[in-house]
Amino acid sequence: MNNSQGAGTAIETLDLVKTYPGNVRALDGISFSVQAGTIFGLLGPNGAGKSTTIKILTTLSRPDSGLARVGGYDVLRDAERVRLSIGCVAQKSGVDMESTGRENLTLQGQLYGIRGSELKRRVGELLDRFFLSEAADLVARTYSGGMQRKLDIAIGLIHQPQVLFLDEPTTGLDPESRADLWEEIARLSKDGLTILLTTHYLEEADRLAERLAIVDRGKVVVEGTPEGLKAELRGDSVEIDFAESPDESVVQQSLERIEILRDVVVNGPVMHARADHGASAVPLMLSALETCGVKVASVKVARPTLDDVYLRHTGRTFRQAEGGNS
Amino acid sequence: MIALTHSYFMALRLLRQLLRQPWWIALTLAQPVIWLVFYGQLFKGVANLPGFQATSYITFLTPGIVTMSALFSSGWSGMGILRDLDFGVMDRFLVSPVSRVAIIAGRLLHLAFTTVVQSSILITLGFVLGARYPGGIGGIVVLIGCAVLVGVSFGALSNALALTMRKMESVIGAVNFILLPMTFLSSILMANTLMPPWIRKVSLVNPVNWAVEAGRTAISGSPDWTAVLIRVACITTFALGCGWVATRAFRSYQRSA
């Protein structure tokens, strides 16, 4: 491997730009790199550019400009080598519903040049590993959502890739299947696989990713470990629901004098702020707001979450971004 | 070589899918059988018209229906591509190192195989109903070969349509728009000596007509092999052209991702 970041980098992107017809700028200069053998999360609302990034890294789509390397190979110039070293579980699945689980796996193996007893063994192993052996000879149409996802992952692993892409792997799954899949993904990473995971579930990124990049409007807004990102925020998050949407400037002015309060963001009938010590900030805030005639409906104080990280770096809560972009 | 092996694997997948739908097979076979049995009987008297040169209408009709069935079953081949696009199966293939040619060629190989089986069944049924093939095995092989070329050509065009339009409704509309005129503007159902002059002229440039004429001549008692060869060459060229169009459509699909 001869890339500048050394042998430990499995994925590298630099200033990727992609514009779709109609001037939709899906990627606006995205850059990040992923250490080999780790789980890296791309977290962002729908439409942030996560899937487009995956499409470029898996050779499905070409960037307008910028650089992307997987396993040291350029995705444009060495597409064939990239394809041999990656597995991909797309958001849309890729299971042929009219074929059985075994047939899906066998065909995929054949396309990678695996044959005969070696192929049989691999298929059997993967069916066992993902608890699909019993359903192996039923057409995939009859599988539950969780089983189809597992088959998807098994298909992505048939040729023992170095890098696995998981695009929104648990979207649409029930909580039980989701927890199940999380365990499976963590186990894969222990075996030394590099995993790039995209998700719009904060909890998922928090649980699985060793490092993550928060993506918004086609750009990485911040990158780090989930713990590090939360620690940067210092202190508690305070969320206040107002009885009715107040005048933003009134709220900002009234709270200005409270020194232990930072990052005040008002969004309609909700406001967020940070405080070194939430419990002592709340009474001060309530009295300041009351003096200005702003009616408070409820108050919540919590340890920082990724949602707060998102809010801090994009100026909106994750939920608002989801609603606005999907 | 890789492209061939991959095409074979891809064709096997489609064949297995087909065999899982016995009702679909029964329905696709029922249609040509209805044509042979009912239409063949109903228009039996056509053979007595002055200028109609064939010995019996069923002998005339059988190669026509063989070709027409190849045309109709392959015309819908694009629907399969649409399903692969919708279910993400296409993207899964494109992420893998599968030969790009094989994604389309596998479908055409599958069509060629099903056309051979379908044609053989119809030729046998035609014989039971009274059709005769004095041209012998050689003639029958040419007839089936022509049907395969029609199947592959229109299968490729149908795939190209699906990759370009990407909407089921549009593809259904377009395919319907093409198939019937192709049938009526050829000698599938009526001898060209009895066609209105304008249809006879149009049929000269209809690839489906080339195939029917070549197949029908090949199974006749004393075939004019030069005429057969010229038509086979024409339809082969047409098939290659269709394959090229499908490849182009596939490339532009890839670029649009």
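This one's a predicted model, so the numbers in the text were calculated from it and none came from an experiment. Numbered from 1 within each chain, the chains take letters A, B, ... in sequence-line order.
- Around atom OH of B/Y39, more than 12 heavy atoms belonging to other residues, nucleotides or ligands sit under 6.0 Å away.
- Checked for salt-bridge contact, B/R20 and A/E98 miss the test: no charged N lies under 4.0 Å from a carboxylate O.
- A/Q91 does not touch chain B: none of its heavy atoms, backbone or side chain, sits under 4.5 Å away.
- The local environment of CZ in B/R248 is sparse, with at most 12 non-hydrogen atoms from other residues, nucleotides or ligands closer than 6.0 Å.
- In terms of heavy atoms, B/V95 sits closest to A/Y112 at O-OH, 4.2 Å.
- From B/I103, atom CD1 reaches atom CG of A/L111 across 8.5 Å, with rounding to the nearest 0.5 Å.
- Side-chain N or O atoms of A/K92 include none that pairs as donor or acceptor with a backbone N or O of B/D91 at under 3.5 Å.
- With rounding to the nearest 0.5 angstrom, the NE2 atom of B/H6 is 9.0 Å from the CG atom of A/L107.
- Looking at A/N104, the atoms closer than 4.5 Å to chain B (heavy atoms on both sides) sit in the backbone and in the side chain alike.
- Enclosure of atom CZ in B/F127 is not indicated, since only 12 or fewer non-hydrogen atoms of other residues, nucleotides or ligands lie within 6.0 angstrom.
- Heavy atoms closer than 4.5 Å to chain B are found in the side chain of A/Y20, but not in its backbone.
- In this structure, A/R83 and B/S96 have side chains that are not in contact, with every pair of non-hydrogen atoms separated by 4.5 Å or more.
- For the pair A/V95/B/F87, no side-chain contact is recorded, criterion being any heavy-atom separation below 4.5 Å from C-beta on.
- By the 6.0 Å contact criterion, CD on B/Q31 is open, its count of non-hydrogen atoms from other residues, nucleotides or ligands being 12 or less.
- Neither the backbone nor the side chain of B/D84 comes within less than 4.5 Å of any heavy atom of chain A.
- Heavy-atom minimum distance, B/L94 versus A/T59: O-OG1, 4.1 Å.
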message = Applying salt bridge (Lys or Arg N to Asp or Glu O under 4.0 Å) to A/E103 and B/R13, what does each step give before you reach the verdict?
response = CA-CA 8 Å; A/E103 287 164 0; B/R13 169 177 87 104; over 6 Å; no
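- The candidate from A/G87, A/G94, A/S61 with the greatest count of non-hydrogen atom pairs under 4.5 Å with chain B is A/G94.
- Here A/L60 is the residue among A/T58, A/L60, A/V139 with the most heavy-atom pairs under 4.5 Å with chain B.
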request  = Determine, step by step, whether A/D96 and B/R83 satisfy the side chain to side chain contact (heavy atoms under 4.5 Å, CB included) criterion, reporting the C-alpha distance in whole Å, the side-chain angles of both residues, the deciding distance to 0.1 Å, and the verdict.
outcome  = CA-CA 9 Å; A/D96 173 7; B/R83 200 172 54 188; 5.5 Å; no
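- In this structure, chain A has no heavy atom under 4.5 Å from any part of B/L14.
- Contact annotation for A/I86: only side-chain heavy atoms (C-beta onward) come within less than 4.5 Å of a heavy atom of chain B.
- At most 12 non-hydrogen atoms from other residues, nucleotides or ligands lie less than 6.0 angstrom from CZ of A/R62.
- A 4.5 Å side-chain heavy-atom check between B/T5 and A/R115 finds at least one atom pair inside the cut-off.
- Among A/G156, A/S99, A/C88, A/G113, the residue with the largest count of heavy-atom pairs under 4.5 Å with chain B is A/S99.
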